[in-house]
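What follows is a short report on a single structure.
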Amino acid sequence: MMNEFSFAQKQRLAYIDFKLYFTGRVTRSEIVNHFELGLAAATRDLKIYKEKAPDNVAYNNVEKKYFVTNLFKPLFKHDARRTLIKLANNISEGFDAIGSTSFPIETPSTLNVPDIDIIAKLSQAIINQKPINVIYTSLTSGSGSRELVPHSIVDNGLRWHIRAFDRKTKSFRDFVLTRITKVTIQAQTPAPEEDKLEDHQWMRMVPLEIIPHPKNVEHPAAIKLDFGMESGVLEISVRAAMAGYLLRRWNVDCSDNGALSGPEYQLFLRNTQTLYGAENLAIAPGYQAQ
């Protein structure tokens, strides 16, 4: 269907498709700035896109923006895993959908990749600051409807989840993307207490001081090189809501005196007191609440 277009034009059409699908809107000026085009060329690309997919987009004369419609069907095939990585790194383009350059790089297999339509709806809701109704299946209560106000899509190292205010429990929680089977974006504006700024676990930054494990590592210089440690310590700050995930992912011994043994524990958290009050610490290796 797109063979009549040059590679460069397919890139621009894929960009329009990506913006509509995952942000819910696109403007002429975004196309101009992204591709360093003239306004006439951007207008021509939008005209071609509308000719190819007339039901995908509607122009709002007041806001002077093109908005996604309820009948939207993507013109290009967007890879779910790559899209999540792009969203996480604030990359707005659809170039992988047109067979752009691939590199010989392999990554470990991941758990089930979330549905691309679910990702798109969640991304639209977050960018446009809208609440959503979802069908969610939890380990404790099974499948049911939930009203959420999402503010971030997160890669915890094992799987993807959204950070959202849960109207059922009136608290901010993590929801695994693959357990969401339906998303409906609501029209109303979230309440002030549902705003990301009220998510104190998200807004709080926790300083971590990570060193080679004092008992399990024979040659700590190797670990220092692996993690780019300066003066024998890796100092990083993470969100309190994410600390447990990172510590589990890196197998950081969080016990008081390096009590965990085994070759998998090559790192030790020397300032465990910094974790006081953080969430998700049950998954941090060896951590015991004070």
Side-chain angles (χ1 to χ4, degrees), residues 13-27 30 49-50 53-60 63 65-97 110-138 142-156 159-169 172-191 194-196 199 202:
L13 294 174
Y15 172 80
I16 294 170
D17 202 52
F18 185 93
K19 291 287 289 185
L20 287 170
Y21 200 11
F22 298 102
T23 74
R25 61 184 187 260
V26 68
T27 66
E30 287 176 325
Y49 185 89
K50 288 181 68 177
D55 293 332
N56 277 8
V57 58
Y59 184 67
N60 186 301
E63 297 191 42
K65 295 177 182 177
Y66 292 85
F67 287 92
V68 69
T69 71
N70 291 331
L71 299 176
F72 180 90
K73 291 184 179 178
L75 271 183
F76 297 87
K77 183 175 176 58
H78 301 274
D79 180 85
R81 183 179 62 83
R82 291 180 181 178
T83 296
L84 282 167
I85 293 170
K86 285 190 285 190
L87 293 172
N89 290 279
N90 198 29
I91 300 172
S92 300
E93 46 94 328
F95 297 170
D96 63 283
T110 56
L111 294 175
N112 187 28
V113 178
D115 181 87
I116 192 70
D117 290 325
I118 298 294
I119 297 169
K121 288 285 183 68
L122 293 172
S123 177
Q124 287 180 36
I126 291 169
I127 289 172
N128 295 291
Q129 297 181 317
K130 296 295 183 184
I132 55 176
N133 183 278
V134 304
I135 301 300
Y136 187 77
T137 302
S138 74
S143 183
S145 176
R146 305 286 280 264
E147 284 193 8
L148 309 176
V149 183
H151 65 67
S152 301
I153 296 177
V154 180
D155 175 13
N156 68 18
R159 56 194 175 193
W160 293 87
H161 67 256
I162 58 168
R163 184 75 177 174
F165 182 84
D166 177 22
R167 288 178 171 172
K168 180 180 179 181
T169 62
F172 288 93
R173 296 192 170 196
D174 300 335
F175 296 88
V176 181
L177 261 59
T178 49
R179 297 178 187 170
I180 300 173
T181 54
K182 183 179 179 181
V183 179
T184 304
I185 300 176
Q186 307 294 317
Q188 71 266 32
T189 301
E194 300 171 333
D195 189 86
K196 177 173 70 173
D199 186 352
W202 184 262

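Computed from a predicted structure; not experimentally measured.
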Do Arg159 and Arg179 touch side chain to side chain, with heavy atoms closer than 4.5 Å? yes
Asn70 atom CG, neighbour heavy-atom count above 12 within 6.0 Å: no
Is any side-chain heavy atom of Leu177 closer than 4.5 Å to one of Leu84? yes
Measure across Lys182 and Ile118 and return the closest heavy-atom pair with its distance rounded to 0.1 Å. N-CD1, 3.9 Å
If only side-chain N and O atoms count, and only distance matters, is there a donor-acceptor pair under 3.5 Å linking Ser145 with Asn133? yes
Suppose we screen for ring pair (Phe, Tyr, Trp, His ring centres under 6.0 Å). Which residues come up paired with Phe67, at least two apart in sequence or across chains? none
Find the distance between CG (Leu122) and NE2 (His161) and round it off to the nearest 0.5 Å. 12.0 Å
Do Arg167 and Pro131 make a side-chain contact, defined as non-hydrogen atoms from C-beta onward lying under 4.5 Å apart? yes
By ring pair (Phe, Tyr, Trp, His ring centres under 6.0 Å), Phe72 pairs with (sequence neighbours left out) Tyr21
Using a 6.0 Å cut-off, check whether atom CD of Gln129 has over 12 heavy atoms from anything other than its own residue. no
Carefully, step by step, assess Ile126 and Ser152 under the rule side chain to side chain contact (heavy atoms under 4.5 Å, CB included). CA-CA 7 Å; Ile126 291 169; Ser152 301; 5.6 Å; no
Would you indicate whether the side-chain heavy atoms of Thr184 and Ile132 approach each other to under 4.5 Å? no
Pairing residues for Phe165 by the ring pair (Phe, Tyr, Trp, His ring centres under 6.0 Å) criterion, not counting sequence neighbours: Phe172
Counting C-beta onward and ignoring hydrogens, is there a side-chain heavy-atom pair between Asp55 and Lys73 closer than 4.5 Å? no
So which heavy atom on Asp166 is nearest to which on Arg146, and how close? OD2-NH2, 2.8 Å
Could you label the plane-to-plane angle of the Tyr136 and Phe175 rings as parallel, tilted or perpendicular, counting under 30° as parallel and over 60° as perpendicular? perpendicular
Could you tell me which non-hydrogen atom of Val134 sits nearest to which non-hydrogen atom of Ile180, and how far apart they are? CB-CG2, 4.0 Å
Under the rule for salt bridge (Lys or Arg N to Asp or Glu O under 4.0 Å), what residues qualify as partners of Arg163, not counting sequence neighbours? Asp174, Asp199, Glu279
Could you give the distance from CD1 (Ile153) to CG (Asp155), rounded to the nearest 0.5 Å? 11.0 Å
Quick check for you: to the nearest 0.5 Å, what is the distance between Lys65 atom NZ and Asn60 atom CG? 9.0 Å
Atom of Pro150, atom of Ala164 and distance for their closest heavy-atom approach: CA-CB, 3.5 Å
So do the side chains of Leu13 and Leu75 get within less than 4.5 Å of each other, counting heavy atoms only? no
Where do Pro114 and Ile119 come nearest, in terms of heavy atoms and distance? O-CD1, 3.9 Å
State, yes or no, whether a side-chain contact exists between Val154 and Ile162 at a heavy-atom distance under 4.5 Å. no
Quick one: does any side-chain atom of Lys130 pair with a main-chain N or O of Ala187 as donor and acceptor, under 3.5 Å? yes
Can you pull out every salt bridge (Lys or Arg N to Asp or Glu O under 4.0 Å) where at least one residue sits in residues 117-127? Sequence neighbours excluded, please. none
Is there a donor-acceptor pair closer than 3.5 Å between any side-chain N or O of Asp115 and the backbone N or O of Thr178? no
Between Asp17 and Asn56, what is the shortest heavy-atom contact and its length? OD1-ND2, 4.3 Å
With sequence neighbours excluded, residues passing ring pair (Phe, Tyr, Trp, His ring centres under 6.0 Å) with Phe22: Phe18, His78
Can you tell whether the side chains of Arg25 and Glu30 come within less than 4.0 Å, N to carboxylate O? no
Nearest 0.5 Å, please: how far is NZ in Lys77 from CD1 in Ile116? 8.5 Å
